[in-house]
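Single-structure report; data block below.
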Amino acid sequence: MRRPFIAGNWKMHKAPAEADALAEALKRALADVTAVDIAVAPTFLAIPAVAARLRHSNIGVACQNVAVEIQGAYTGEVSAEMLKTAGVQYAIVGHSERRQLFGDTDAIVGKKVQACFRAGLAAILCVGETLPEREAGQEETVVARQLEAGLAGLSADQVGTVTIAYEPVWAIGTGKVASPAQANDVHAFIRGWLGRYPSFVARNVRIQYGGSVKGSNAAGLLSQPEIDGALVGGAALSVEDFVAIVKAAAG
Ligand code: PGA
């Protein structure tokens, strides 16, 4: 059985003091949860405070992006190695906002996944189609292309440790959630796609759903056989909502 994994993407919210307060509240509220892997992704700036707060807790720290390179003249970038030394364990890579607003192409996303392995961060690779792509029936083609590029060059053992987040772009921040069946269908497609590797890969890889997950809809999504967790945006900023989502995953 795959262990459920709930991650909160705080996006560009919460300066260090506020991020620390949210981390502290989550740490208290979730201290007794043992059956779920949990992580939160603050801004780069708030990572040191949150990592210090969550040390020796059951909540891991994720970053929202990594640089391709290790170090050098790359203004505005932060490398996976630097994030690792700051106490980060997981990295969200290829989020649709990075792809749409900041020019992260499929090829760049693949390089960022490689950077995660180079530095020892656990990658959460985001994939998902836009509304026009879904309306044209292209969701599987798009997701397959993103998987192919995102996982290029990795060994089967490495792919087996990646988390995939299926996030239909039309459901992100829109309040328009994919139905449990709609999400499960694409998750099943992703797991089938992983069948090109030895069978342990598809068995082990966790596939999170992301896109307007809230306390009120989490149980329905998480009860689907192919949905192993959630990548949560807006609702991850609310202690009440995020705790409800984690508890739904704990069953
Ligand atoms: P949302 O964001 O939960 O606010 O829709 C999800 C995400 O972007 O990961």
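One-based numbering, in listed order, for ligands and for the atoms of each.
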Quick check: do Asp157 and Phe200 have side-chain heavy atoms less than 4.5 Å from each other? yes
The single option from Gln89, Arg3, Arg2 that satisfies side chain to side chain donor-acceptor pair (under 3.5 Å) with Asp37 is Arg3
Per-atom contacts, ligand 1 versus Lys11 - under 4.0 Å to a heavy atom: 2 (O), 7 (C), 8 (O)
Considering the heavy atoms of Ser212, write down every atom of ligand 1 situated less than 4.0 Å from one of them. 1 (P), 3 (O), 5 (O)
Does Gly173 have a heavy atom less than 4.0 Å from any atom of ligand 1? yes
Identify, by atom number and element, the atoms of ligand 1 in contact range of Gly211, meaning under 4.0 Å from any of its heavy atoms. 5 (O)
Identify, by atom number and element, the atoms of ligand 1 in contact range of Gly234, meaning under 4.0 Å from any of its heavy atoms. 1 (P), 3 (O), 4 (O)
Closest by any non-hydrogen atom to atom 8 (O) of ligand 1: pick that one out of Gln64, His95, Glu167. His95
Do Leu54 and Lys27 have side chains that approach each other closer than 4.5 Å (heavy atoms only, starting at C-beta)? yes
Is Asp20 salt-bridged to Lys14, cutoff N-O under 4.0 Å? no
Return yes or no for this condition: an N or O of Gly233 is under 3.5 Å from an N or O of ligand 1. yes
Any non-hydrogen side-chain atom of Pro180 less than 4.5 Å from a side-chain atom of Ile227? no
Got Tyr209 and Leu222 here, is their nearest side-chain heavy-atom distance under 4.5 Å? no
Quick check on side-chain contact (heavy atoms from CB on, under 4.5 Å): which of Ile59, Ile6, Val232 does Val40 satisfy it with? Ile59
Under 4.0 Å from a heavy atom of Ala171: which atoms of ligand 1 are those, numbered in the order shown and with their elements? 5 (O)
Between Ser96 and ligand 1, which residue portion shows a heavy-atom distance shorter than 4.0 Å: side chain, backbone, both, or neither? neither
